Amino acid sequence: MNSNLYSALRAAFPADLDSTAIETADAAQPRYYTWRDLERGSAMIANLLASLELPPASRVAVQTEKSVEALMLYLAVLRSGHVFLPLNTAYQAGEIEYFVGNAEPAVVVCSEKNFGWVSTIAFKAGTKHVYTLGEHGTGTLLDRAAFQPDQHTPVPRAVDDLAAILYTSGTTGRSKGAMLTHGNLLSNAKVLKDAWAWQPGDVLIHALPIFHVHGLFVATHGALLNGSKMIWFGRFDPRAAIARFAEASVFMGVPTLYVRMLAEAALTPQACEHMRLFISGSAPLLTETFNDWRARTGHTILERYGMSETVMLTSNPYRPESARRGGTVGLALPGVGVRVRDDKGHPLATGEIGGIEVRGPNVFKGYWRMPEKTADEFTTDLWFKTGDVGRIDADGYVTIVGRSKDLIISGGYNVYPAEIEGVINDLPGVAESAVVGVPHPDFGEAVVAVVVAKPGAALDGREIAATLKGRIANFKVPKQTFVVADLPRNAMGKVQKNLLREQHKALFAA
Ligand code: MCA
Ligand code: AMP
């Protein structure tokens with residue numbers, strides 16, 4: 001049986017292939033892509049990939065601006081049976097060097113402006129093919145694909161075959177590539193189609209980046225598997241998004257998007273009249289935002305919970321709307337097991353707080369070329385340890401109360417303090433550092449660094465941040481950097497990050 005995810009998505013395309021699948025929203029002149037365009041465009045790229053005669057399951061690493069053509073490239077990689085490796089556009093050379101070195105992609109696709117440095121890194125790592133893809137469909141990828149036939153039969157794939165690798169840092173150290181299979185992605189997309197009651201005529205406003213689970217899988221699979229049109233924003237603009245609510249029915253966002261839309265006077269019940277469903281995830285939605293949204297629009301945001309390793313694992317109910325509980329991430333999705341255990345692996349009673357664990361067809365296959373790390377993250381009875389801490393109440397609602405992993409989530413992007421501390425500690429004159437997350441009215445949490453200078457060295461917080469900008473993705477750069485005489489430590493000598501968080505908690509108070 002062919003379990004290629006593309007085949008399942010293709011089977012859901014509407015009968016009228018000349019109807020609009022995607023309308024772009026941020027340029028003055030919208031562009032319209034039909035379902036046939038998606039089918040033909042992805043076929044041509046898939047044929048280009050086939051012409052390269054790559055070994056099966058080759059990695060195709062992609063760091064490009066958001067565009068419909070970039071989505072076609074994703075679909076083409078699925079069709080061709082290779083493995084899609086999306087990379088955040090904010091990543092700098094050092095980060096890309098690590099991902100490319102680790103994943104050894106056969107093909108790298110980058111934006112035209114980055115071709116010089118990305119191709120240098122890729123060729124050094126042994127990649128044979130580097131193409132460019134610009135925001136408006138320019139670049140060598142489509143130039144070459146233009147000569148390819150526009151018919152392509154998806155390569156048969158088994159449920160367990162890899163479809164994508166998503167890099168995520170997990171608990172410690174360098175990023176690990178979470179290997180997701182065609183079966184993981186399709187089972188989750190089908191479960192969400194039912195759970196969120198996707199229906200004929202639904203239109204999705206797509207305003208998230210397409211290099212992470214939320215925008216790439218949850219949003220696009222949802223629309224494609226329902227044959228639903230997408231209104232496609234390359235960049236999120238709160239006012240422009242609200243202006244399109246009148247033609248749409250579903251919106252998905254990280255909490256920051258909701259906070260930014262709440263600041264717009266145009267957000268009224270009338271503006272939302274046509275909308276059916278607002279979904280939030282990737283970071284905790286403050287109860288305040290949940291309540292404000294209901295008061296302003298009459299709609300109750302449906303919050304769900306997911307991870308790169310597990311796609312979606314819980315969701316608040318679709319119906320009745322009154323069953324969507326603010327501050328909770330809802331119930332385990334059908335077919336997904338969610339449990340809470342203490343740190344010795346003992347089961348906990350209802351309502352008790354412990355580590356959240358998950359199993360099901362959504363759970364990834366393991367970390368790319370890291371069998372020991374993979375084994376560490378699973379229990380002996382093969383449940384995946386999420387690193388999130390929470391409780392499950394008597395009705396099955398899951399509440400996340402914290403994280404055992406040292407992770408900051410800023411505007412929906414994950415930042416691992418250990419990684420930032422490592423980069424800061426390597427700067428001249430730095431003795432040591434501690435990186436923490438503190439509340440931020442826009443990003444939810446903001447990255448703050450506290451740095452100790454070596455004896456005799458003079459350091460400046462702003463200069464440190466400026467240096468970091470060239471080395472790590474912008475969203476990881478501390479919004480504030482303090483230089484201090486020493487870090488607070490406990491009797492064991494461990495840095496007391498809780499004291500730093502407490503000390504700086506009002507830094508960005510609204
Ligand atoms: C941009 N900046 C940020 C962030 N985004 N800083 C911290 N956190 C961020 N998330 C930087 C910019 O580089 C800039 O720096 C400054 O902050 C202000 O930028 P601004 O123009 O406000 O940013 P923006 O371009 O409007 O982007 C904000 C954003 C974006 C729209 C909220 O971050 C975003 O699209 N977030 C969504 C992320 C996402 O899709 N996550 C899903 C992960 P400077 O001024 O120095 O240049 S998937 C996942 O988590 C799981 C599986 C799940 O459950 O979904
Ligand atoms: P990622 O590594 O990008 O897959 O991020 C996964 C992490 O995001 C999870 O382990 C959670 O800590 C967090 N997360 C996702 N959705 C939610 C949510 N609705 N509420 C709180 N945290 C969330």
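Each residue takes its place number in the sequence, starting with 1. Since this is a predicted model, take the numbers as computed values, not measurements. Heavy atoms only: backbone and side chains are in, while hydrogens, waters and symmetry mates are out. First listed ligand is number 1; within each ligand, the first listed atom is number 1.
- Ring-centre distance between Phe384 and Phe364: below the 6.0 Å cut-off.
- When His440, Glu445, His212 are ranked by how near their heavy atoms come to atom 43 (C) of ligand 1, first place goes to His212.
- Considering both main-chain and side-chain atoms, Lys479 comes within under 3.5 Å of ligand 1 through a nitrogen or oxygen pair.
- The shortest N or O to N or O distance between Val213 and ligand 1 is not below 3.5 Å.
- The distance between the ring centers of Phe278 and Trp293 falls below 6.0 angstrom.
- Between Phe217 and His212, a ring centre-to-centre spacing not shorter than 6.0 Å is recorded.
- Distances between N or O atoms of Met307 and those of ligand 1 include no value under 3.5 Å.
- The heavy atom nearest to atom 30 (C) of ligand 1, out of those in Tyr413, Phe475, Phe443, is found in Tyr413.
- Comparing heavy-atom distances from atom 5 (O) of ligand 2 across Thr314, Thr386, Asn414 singles out Asn414 as nearest.
- Near Arg403, with a cut-off below 4.0 Å to any heavy atom, the atoms of ligand 2 are 12 (O).
- Looking at ligand 1, you'll find an N or O of Ser410 within less than 3.5 Å of one of its N or O atoms.
- Nearest-heavy-atom check against atom 27 (O) of ligand 1 across Arg260, Lys66, Arg235 picks out Arg260.
- The main-chain N or O of Leu407 is found under 3.5 Å from a side-chain atom of Arg403 such that the two form a donor-acceptor pair.
- In this structure, Lys497 pairs ionically with Asp406, as a charged nitrogen and a carboxylate oxygen lie closer than 4.0 Å.
- Between Tyr167 and Phe211, the gap from one ring centroid to the other reaches at least 6.0 Å.
- Nearest-residue assignment for atom 11 (C) of ligand 2 (options Asp388, Ile356, Leu166; heavy-atom criterion): Asp388.
- Set against the non-hydrogen atoms of Val329, the atoms of ligand 2 under 4.0 Å away are 18 (C), 19 (N), 20 (N).
- Cation-pi geometry between Lys373 and Tyr367 is not satisfied (NZ or CZ under 6.0 Å from the ring centre, within 45° of the ring normal).
- The heavy atom nearest to atom 39 (C) of ligand 1, out of those in Ile409, Val254, Ile279, Asp237, is found in Val254.
- Backbone and side-chain nitrogen or oxygen atoms of Thr256 are examined, and none is located within less than 3.5 angstrom of a nitrogen or oxygen of ligand 1.
- By heavy-atom distance, the residue among Ala446, Ser282, Gly411, Ala473 lying nearest atom 51 (C) of ligand 1 is Ser282.
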